[in-house]
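Written out below as structure tokens is the structure these notes cover.
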Amino acid sequence: MVRIMHKDIGDILFSEETITARVRELGAEIASDYGDKNPLLVGVLKGSFIFMADLLRAIDAPVSVDFLAASSYGDKAFTSGKVDLTKAVPADTVKGRDVILVEDILDTGVTLKYLKEYMGTLGPASVKICVFLDKVTRRQVDVEADYVGFVCPDEFVVGYGLDYSERYRNLKYIGSLKPEVYS
Ligand code: IMP
Ligand code: MG
């Protein structure tokens with residue numbers, strides 16, 4: 001068996017089994033909160049796509065799905081970091097809807113603060129945020145998630161959709177990258 005990816009991983013923070021159980025709980029919580037309101041889940045590409053696929057199937061209630069793409073650039077240490085919206089959502093799909101933004105990880109918060117404000121301009125009934133991981137201690141701007149899979153330590157993590165240089169998204173667990181991989 002080729003295990004070339006796994007050797008780059010230091011610690012496994014969240015195993016496949018742990019993730020499955022937690023995503024099931026999140027789905028049940030969303031189903032219970034929204035009932036038959038048919039929320040529109042908007043995933044932030046690319047990092048959210050695996051989480052989104054599992055979360056959707058864990059929601060036993062009507063839901064719709066769409067995606068947008070955004071990339072933050074510049075120095076992330078600055079609170080004034082800019083976000084580039086590279087794929088938007090048509091305004092008429094959002095108007096009057098209960099939107100849940102779905103993202104892989106909340107880090108400085110720059111991306112989701114921007115995206116929540118952007119969504120607000122499209123006339124939704126409500127906007128909430130669901131993140132798989134929350135690096136609470138890294139927050140630079142005022143934004144909070146309404147649904148959080150796991151609080152994540154301040155380490156660079158990969159897997160379950162999260163990448164380093166477009167790799168490791170396909171790992172079934174969340175692991176920290178060995179420092180020698182990115183140094
Ligand atoms: P924020 O705007 O600083 O909150 O950045 C969020 C984005 O940074 C996420 O969507 C990820 O693409 C990326 N990111 C932050 N921390 C990590 C990590 O530990 N692993 C992989 N990507 C990360
Ligand atoms: Mg991302």
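Every number for a ligand or one of its atoms is a count from 1 in the order of the listing. All values reported here derive from a predicted model rather than from experimental measurement.
- Using modelled atom types and a 3.5 Å distance limit, the side chains of S64 and R97 yield a donor-acceptor pair.
- At a heavy-atom distance under 4.0 Å, atoms from both the backbone and the side chain of T108 approach ligand 1.
- Using a non-hydrogen distance threshold of 4.0 Å, G109 registers as a contact of ligand 1.
- With a 4.5 Å cut-off on side-chain heavy atoms, Y34 and I100 count as touching.
- Less than 4.0 angstrom separates some heavy atom of D107 from each of these atoms of ligand 1: 1 (P), 3 (O), 4 (O), 5 (O), 15 (C), 16 (N).
- Under a 4.0 angstrom heavy-atom cut-off, K135 registers as being in contact with ligand 1.
- Of the listed residues (V157, V131, D163), the one carrying the non-hydrogen atom nearest atom 20 (N) of ligand 1 is V157.
- Look at L133 and you'll find every heavy atom at least 4.0 Å from all atoms of ligand 1.
- Counting atoms of ligand 1 from 1 in the listed order, those under 4.0 Å from a heavy atom of E103 are 10 (O).
- Ring pair H6/Y173 is tilted by interplanar angle, where 30° to 60° counts as tilted.
- Of the polar atoms of V158, none of the N or O atoms is found under 3.5 Å from an N or O of ligand 1, judged by distance alone.
- Counting only distance, with no hydrogens or angles, the side chain of T86 and the backbone of A69 share a donor-acceptor pair below 3.5 Å.
- Note: F51 and Y160 have tilted aromatic rings, judged against thresholds of 30 and 60 degrees for the angle between ring planes.
- For the pair D8/R167, a side-chain contact is recorded, criterion being any heavy-atom separation below 4.5 Å from C-beta on.
- Annotation: side chain of L112 is in contact with side chain of L101 (closest heavy-atom distance under 4.5 Å).
- Residue E155 has at least one heavy-atom neighbour below 4.0 Å for each of these atoms of ligand 1: 19 (O).
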